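What follows is a single structure, written as structure tokens, with notes after it.
Please read all numbers here as calculations on a predicted model, not as lab measurements. Naming convention: chains lettered A, B, ... in sequence-line order (proteins, then strands); numbering from 1 in each chain.
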Amino acid sequence: MCLSARFWSAAGVRDDAVSELLAWYDRERRDLPWRRTRDPYAILVSEVMLQQTRVEAVIPYYLRFLERFPDVGALASATLDSVYEMWAGLGYYRRARNLQATAQAVVSLGGFPLVLQDLPGVGEYTAAALASIAFGRPAVALDGNALRVWSRYFAYEGAVMSVAARRFFTERVLGLIPADRAGDFTQAVMELGARVCLARQPRCLVCPLQSGCAALARGLTESIPKPSVKARREKVALCALRIFCGDRVLLERRERDPFLAGQWVTPWFFEPFSQVGPDYLARFPGGEPRRVGTVSHGVTFRDLTIEVWEWETSRESCDEEQRWAGLDARLPRLASLVLELA
DNA sequence: TAATCGTGGTA
DNA sequence: TTACCAAGATT
């Protein structure tokens, strides 16, 4: 790096980088629902929903959720079931429980704590995003977008997820944040990662940071950030049960099962029907079980093939302790697939 | 640190 | 069809 020192900060960032970035953001920013509010609660909801989830998928959930729970008090006092219901289909259901626990903590404390990371479901990234976007405090929010942007800008060739990498970026970026635009800075970096500094085929020609980007200068934009080695998807066969009582179907909630935690789903198992069928037939006696077919569904590192069986149980088994849902219930995708199977 | 948790989109 | 992955947190 032999360029004239007066154009570069000690951290290796060009003097004009921040103003170029913010000007680009002012010009190109998408009109997203959570960019129309300064309510910390609403911004928290958006940040939690956006964890590992695409913007387009979040928008309808965000709007419905805020309509149902318009403020932190409404969410804190809601039933957990109603919170799950609003989350059904969005995935990573632990987020729903943690979000309500956070709402209850905020009500109990009389406001957001100074250390946002103390809140359930609020990790390093979300705490920094909330601090900057909702409270205007300088904080470096390192999500997948920001890690890609900064690893390329500094040509960081190590593993970007490591503690060392995050410290490296935080040290260099924290001082760049304009005091009056901390939230815009955070969102501008992420917007840049989402729309310009793409994982594959980044659009460097239109990038507001192109003149200072070390990876671009050295032709490393394809090899940085270094791709992580991911486990192969494992193929898993399992079975699910559709047990009908008239026009309603049995749903269960297995609290202790980390998978689909707390969600209402049709009974399903990692074992074949021959192992679990007799047990359930004894509990819900009725007609002969019938193999309906199979459905496929990918979940993180597994490809599930689900063999679906169904039967009609006798009326006296339809007690009040079980939940018998109508077919129009809002359910996780996996349960919907099982019920939709013709 | 590494595994785990859903879903839907894309190349 | 397959692999990858998108505003991560938790254990």
Pick the nucleotide of DNA chain B nearest each of A:Met161 and A:His297; which residue has the one closer to the 5' end?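 It is A:Met161 whose nearest nucleotide is closer to the 5' end.
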Contact nearer the 5' end of DNA chain C, comparing A:Arg30 with A:Lys235: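 Mapping each residue to its closest nucleotide by heavy atoms, the 5'-most match is A:Lys235.
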Classify the nucleic acid contact of [X] as base, sugar-phosphate or nothing, counting any heavy atom under 4.0 Å across all strands shown.
{"X": "A:Arg333", "value": "sugar-phosphate"}
{"X": "A:Glu56", "value": "nothing"}
{"X": "A:Gly298", "value": "base"}
{"X": "A:Ala199", "value": "sugar-phosphate"}

Nearest-neighbour nucleotide for the A:Thr126 side chain, C:dA7, C:dA9, C:dC5 considered: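 Looking only at side-chain atoms, A:Thr126 lies closest to C:dA9.
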Say you pick atom [atom1] in [N] and the same atom in [M]; how far apart are they, in whole Å?
{"N": "C:dA7", "M": "B:dA3", "atom1": "C1'", "value": "22 Å"}
{"N": "C:dA9", "M": "B:dG9", "atom1": "C1'", "value": "23 Å"}
{"N": "B:dT1", "M": "C:dG8", "atom1": "C1'", "value": "16 Å"}

C:dG8 P sits how many Å from A:Arg95 CZ, rounded? 9 Å
Rounded to whole Å, CG of A:Asp303 lies from C1' of B:dG6 at a distance of 13 Å
DNA chain C-proximal residues of residues 177-191 of chain A, any heavy atom under 4.0 Å: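 When residues 177-191 of chain A is checked for heavy atoms under 4.0 Å from DNA chain C, the hits, listed by number, are A:Met190.
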Would you check if the distance from the ring center of A:Tyr62 to the ring center of A:Trp34 is below 6.0 Å? yes
Applying side chain to side chain donor-acceptor pair (under 3.5 Å) to A:Glu47 and A:Tyr125, what does each step give before you reach the verdict? CA-CA 9 Å; A:Glu47 285 303 336; A:Tyr125 160 76; 2.7 Å; yes
